[in-house]
Amino acid sequence: MVGLIIRRFLQLILLLFGISFLVFMSMHIAPGDPATIIGGPNATTSDLEAIREEMGLNRPVLVQYVDYLRGILQGDFGYSYQTNQAVTEAIITRFPTTVKLAITSMIVAVIIGVLAGIISARKQNSWADVTSTTFALVGVSIPNFWLGAMLILIFAVNFQILPVGGLSSPFYTLEGMKELILPAITLGTASAALIARMTRSSMLEVIRSDYIRTAKAKGVRKRPLIWVHTLKNAMIPVVTIIGINFGTLLGGTIVTEQVFAINGIGRLMLDAIAARDFPVVQGTVLLVAAIFVVVNLIVDIIYALIDPRISYD
C-alpha cells in the first residue's frame, strides 16, 4: 500500500506537468490577446506593447512556460491579469464553495443511486425496477442547465419555497442548507443515475453467485443477506463510479455554478477562459486534475479495505 501511494504521487507530479504544458500551450495558441482585454477598448498600440512587456507576453512561449514552472515550484501560481489578485488567493477564496457543492451533490447521488440500485436488483422486472431503470436513463440524458432552470422555475419562482442559489449563507444554517438543495440535485442527478445502474448490475451479479445461494439455503435472513453479504461484495465497481464521479463533479460545477450564480471554482475558471486570464485558468485546471488523481488513490485504498484479497503488488 505504501508503494502504491508513492507511485501514485510520482504519477501525479508527471501528470500535472503534462497538464500544465497542454493548458499553457492551448491558451497561448488560441486566438485573442490578453493585453487587449487588460488594456480595454481605448488602449493604443504603445499601451498594448507596454502591457505585453510588463506581463512578459512578448517573450517566446517556451520561455514563459519555464518561468511559470519555476514559479509553481516556489509556490507562486502568478497573478490574475484581470484583478491582479494572487491566483492562490483567488482559488482559496472560492474552493470551499465548490467542495461544499460537490460533496453535497455526491451525498445526494450516493443515497439515491445506491438505494435505487438495491431496490431494483431485489425486485427485478417489477414496477420498482422499471421505475429505477427509467430514472437512470432520464437522469443521464437531462442536461444540467435545463434541469437547474426547471428546478428554479418550479421551486424558487412558482412555489417560492427554496432560494434561487448563491450559497452565501453558512452551510450549517437552515438558509445555507436550503440554498444547497437545488444546486445539489442539479449536479448530482446524473451521478445518481450512473450509480443506480452500476449498483443494480453489480448486485444482480452477486445475488446469482454460489455463496449467496448457499447462504439462502442455510437460512440467512433476507435483510442481512442483502445488506451484509451481497452489498459489500457488490460495492467495488460502485466505489469506482463514485470516485470517478466525485472528480468529475469538481470539474463539472461550471454549468451549475453559472445557473445558480455560485462563486466557485467552476465560475472562476469560466470567467478566466473568457478573459484569457492565463494564470487563473492554469491554476484552476491543475487543482481539479490534482484532486481527480488523489480521489482515485483514495478509491484504490478503499478497495483494499472492502476486499482484502485485492493486492497492488
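Fair warning: this is a prediction, and the values are worked out from it, not measured in the lab.
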Exercise for the section: Supply the members, apart from Leu174, of the Ile/Leu/Val/Met/Phe/Trp/Tyr cluster built from side-chain contacts under 4.5 Å; use none for a lone residue. Expected result: none

Exercise for the section: For Asn245 and Ile241, indicate whether the former's side chain and the latter's backbone hold a donor-acceptor pair under 3.5 Å. Expected result: yes

Practice task
Give a yes or no on this: more than 12 heavy atoms of other residues, nucleotides or ligands lie within 6.0 Å of atom CD of Gln85.
Solution key: yes

Handout entry: Over 12 foreign heavy atoms within 6.0 Å of CZ, Arg197
Key = no

Practice task
Kindly compute the distance separating OG1 (Thr230) from CZ (Arg122), expressed to the nearest 0.5 Å.
Solution key: 9.5 Å

Handout entry: Any donor-acceptor pair under 3.5 Å from Arg213 side chain to Arg208 backbone
Key = yes

Exercise for the section: Verify whether one side chain among Asp129 and Ser120 offers a donor that lies under 3.5 Å from an acceptor in the other. Expected result: yes

Practice task
Taking all non-hydrogen atoms of both residues into account, name the closest pair between Ser20 and Leu69 and its distance.
Solution key: OG-CD2, 4.0 Å

Handout entry: Ser201 side-chain N/O to Met198 backbone N/O, donor-acceptor pair under 3.5 Å
Key = yes

Exercise for the section: Could you grab the distance from atom OG of Ser141 to atom CH2 of Trp146, nearest 0.5 Å is fine? Expected result: 11.5 Å

Practice task
Measure the CD-CG distance between Gln64 and Asp67 for me, rounded to the nearest 0.5 Å.
Solution key: 8.0 Å

Exercise for the section: Evaluate side chain to side chain contact (heavy atoms under 4.5 Å, CB included) for Gln282 paired with Phe77, printing each intermediate quantity in order. Expected result: CA-CA 8 Å; Gln282 290 153 191; Phe77 286 83; over 6 Å; no

Exercise for the section: Please answer whether the main-chain N or O of Ala128 pairs with a side-chain N or O of Ser132 as donor and acceptor at a distance below 3.5 Å. Expected result: no

Practice task
Keeping the roles fixed (side chain from Thr256, backbone from Thr253), state whether a donor-acceptor pair exists under 3.5 Å.
Solution key: no

Practice task
Quick one: pull up CZ in Phe292 and CD1 in Ile19 and give me the separation to the nearest 0.5 Å.
Solution key: 10.0 Å

Problem - Flag, side chain of Thr284 to backbone of Val281, donor-acceptor distance under 3.5 Å - result: yes

Completion exercise
The residue among Leu287, Val294, Val288 that forms side chain to side chain contact (heavy atoms under 4.5 Å, CB included) with Ile291 is Leu287

Handout entry: CD (Gln124) with more than 12 external heavy atoms under 6.0 Å
Key = yes

For residues 152-164, please give each side-chain donor-acceptor pair under 3.5 Å, one per line with the distance, not counting sequence neighbours.
{"residue": "Asn158", "atom": "ND2", "partner": "Leu153", "partner atom": "O", "Å": "3.3"}

Practice task
Indicate if Val61 and Leu286 have the same hydrophobic cluster label, given that clusters are the connected sets of ILVMFWY residues with side-chain heavy-atom separations under 4.5 angstrom.
Solution key: yes

Practice task
To the nearest 0.5 angstrom, please state how far the CD1 atom of Ile185 sits from the CG atom of Asn144.
Solution key: 12.5 Å

Exercise for the section: Go through the side-chain N and O atoms of Glu257 and Thr98 and say whether any donor and acceptor fall under 3.5 Å apart. Expected result: yes

Exercise for the section: Under the side chain to side chain contact (heavy atoms under 4.5 Å, CB included) rule, what do Phe260 and Thr186 come out as? Steps first, then yes or no, please. Expected result: CA-CA 10 Å; Phe260 291 94; Thr186 300; 3.5 Å; yes

Problem - Stepwise side chain to side chain contact (heavy atoms under 4.5 Å, CB included) test for Ile254 and Met269 - result: CA-CA 8 Å; Ile254 296 177; Met269 185 189 303; 4.0 Å; yes

Check: residues 99-118 side-chain donor-acceptor pairs under 3.5 Å, at least two apart:
{"residue": "Thr104", "atom": "OG1", "partner": "Lys100", "partner atom": "O", "Å": "2.7"}
{"residue": "Ser105", "atom": "OG", "partner": "Leu101", "partner atom": "O", "Å": "2.7"}

Exercise for the section: Using the rule that two of Ile, Leu, Val, Met, Phe, Trp, Tyr join whenever any of their side-chain heavy atoms come within less than 4.5 Å, decide whether Leu137 and Phe135 are in one cluster. Expected result: no

Exercise for the section: Kindly state whether the ring of Tyr65 and the ring of Phe21 have centres lying under 6.0 angstrom apart. Expected result: yes

Exercise for the section: Find the distance between CD1 (Ile262) and OG1 (Thr97) and round it off to the nearest 0.5 Å. Expected result: 8.0 Å

